[in-house]
Amino acid sequence: MLQRAARLLAAIVMTMAGALVGTVATAGTAHADGCYTWTRTLSQGASGADVTQLQIRLGGYPGYGSVLSVDGEFGPATAAALTRFQSAYGLAADGVAGPNTFSKLYALQDDDCTPIHFTYSELNDCNTTWAGGAVSASAAKANALRTMWKLEALRHALGDQPIRVTSGFRSTTCNQNAGGASSSRHLYGDAADLGSGPHSLCRLAQQARNHGFRGILGPGYPDHNDHTHLDHRSGQFWSAPTCGI
């Protein structure tokens, strides 16, 4: 009887231990992400690659007419962008990136680091290599990723309704075939043309002023009455006269 009781007790202990190990393992992986996993809380004064990754995802929250630098330095502008992001998603808007902020970011990104509502293929219907533009293939693809995160912020601000991308990266050949300017930002991978859908072209252009786009061209600007063009040029140039811009 005593031996039987001892075996039963041992079995219970082993079962509980196994359950605990399983729980710990699950908890340890629950916070990991297929794209990128942050391992520390980030606030003003922090620097490093993890800050850079955060800034890429906050690129659409710089405030009206502003652009958030992606420099790996967590300064006041990054804190302000983070606060806007947190507020937009109903999080505690404290400008500190902790577990709740990271959980929301994980939910918003796919394993290839693109935001869940946009894909590399949407931003490149020219080729699969991202080569042949004005910058290296890797730079063009990185620029497109930053553009997608800005578009994700724009989409959320417009009620999470779809945004239709009609053109993104172009090689020199693709740009010539499309009749693009020789200096087109499409050659750099940081431009996106948007077509009308749930939102008018003017609504897209007007709202884009809040989401980190230096270049905004839309209805009323020559050859832009059928789309709204957004890009990340070196200086601000907005022109969509029909839309009051």
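Values below: every heavy atom of this structure, side chains too, minus hydrogens, waters and symmetry copies.
With Ser87 contributing its side chain and Thr83 its backbone, the two residues share no donor-acceptor pair below 3.5 Å. A donor-acceptor distance shorter than 3.5 angstrom exists from the side chain of Thr228 to the backbone of Leu201, with no hydrogens or angles considered. For Arg214 (side chain) and Arg233 (main-chain N/O), a donor-acceptor pair under 3.5 Å exists by modelled atom type. The main-chain N or O of Gly59 is never found under 3.5 Å from a side-chain atom of Lys150 such that the two would form a donor-acceptor pair. Of the possible polar contacts, one joining the Thr37 side chain to the Asp33 backbone as a donor-acceptor pair under 3.5 Å is found. Without hydrogens or angle criteria, Arg164 side chain to Ser196 main chain gives a donor-acceptor distance under 3.5 Å. Of the possible donor and acceptor atoms, none in the side chain of Gln55 sits under 3.5 Å from a partner among the backbone N and O of Thr78. With hydrogens and angles ignored, the 3.5 Å screen pairs a side-chain donor or acceptor of Asn143 with a backbone N or O of Ala139.
A pairwise comparison of heavy atoms in Ala192 and Leu151 identifies CB-CD1, 4.2 Å as the closest pair. Of all the heavy atoms in Leu158 and His199, the pair that sits closest is O-CE1, 3.1 Å. Between Cys243 and Pro219, the shortest heavy-atom contact is SG-CD, 3.8 Å. The minimum heavy-atom distance linking Ser171 with Asn127 is given by the pair CB-ND2, 4.1 Å. For the pair Trp238 and Ile245, the tightest heavy-atom approach, listed with the atom from each and the gap, is CB-CG2, 3.7 Å. Closest approach of Leu123 to Trp130, counting heavy atoms only: O-CH2, 3.9 Å.
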Side-chain donor-acceptor pairs of residues 93-101 under 3.5 Å, sequence neighbours excluded:
residue : atom : partner : partner atom : Å
Asp94   : OD1  : Gln86   : NE2          : 3.2
Asp94   : OD1  : Val96   : N            : 3.0
Thr101  : OG1  : Gln86   : NE2          : 3.0

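In the model, Asp231 has a side-chain atom that pairs as donor or acceptor with a side-chain atom of His229 under 3.5 Å. Asp112 and Thr114 share a donor-acceptor pair across their side chains, judged by distance under 3.5 Å alone. The closest side-chain donor-acceptor pair between Arg57 and Gln109 falls under 3.5 angstrom. Side-chain contact of Ser121 with Thr119: a donor-acceptor pair under 3.5 Å is present, judged by distance alone. Between the side chains of His186 and Asp193, at least one donor-acceptor pair of N or O atoms lies under 3.5 Å. Counted by atom type alone, Gln207 and His211 present one or more donor-acceptor pairs between their side chains at under 3.5 Å.
In the displayed structure, Asp223 atom CG is contacted under 6.0 Å by at most 12 heavy atoms of other residues, nucleotides or ligands.
Going from atom CD of Glu122 over to atom OG1 of Thr166 covers 11.0 Å, rounded to the nearest 0.5 Å. Summarising the geometry, atom SG belonging to Cys113 is positioned 6.5 Å from atom CD belonging to Gln53; distances are rounded to the nearest 0.5 Å.
Not counting sequence neighbours, the partners of Phe85 by the ring-ring contact (aromatic ring centres under 6.0 Å, His included) test are Tyr61, Tyr89.
Put simply, the side chain of Asp71 does not reach to within 4.5 Å of the side chain of Thr52, judged on heavy atoms.
Using cut-offs of 30° and 60° on the angle between ring planes, the pair His227 and His224 is tilted. Between Trp38 and Phe102, the angle of the ring planes stays under 30°, which puts this pair in the parallel group of the 30/60° scheme.
Salt bridge annotation for Arg146-Asp190: absent, with no cationic side-chain nitrogen under 4.0 angstrom from a carboxylate oxygen.
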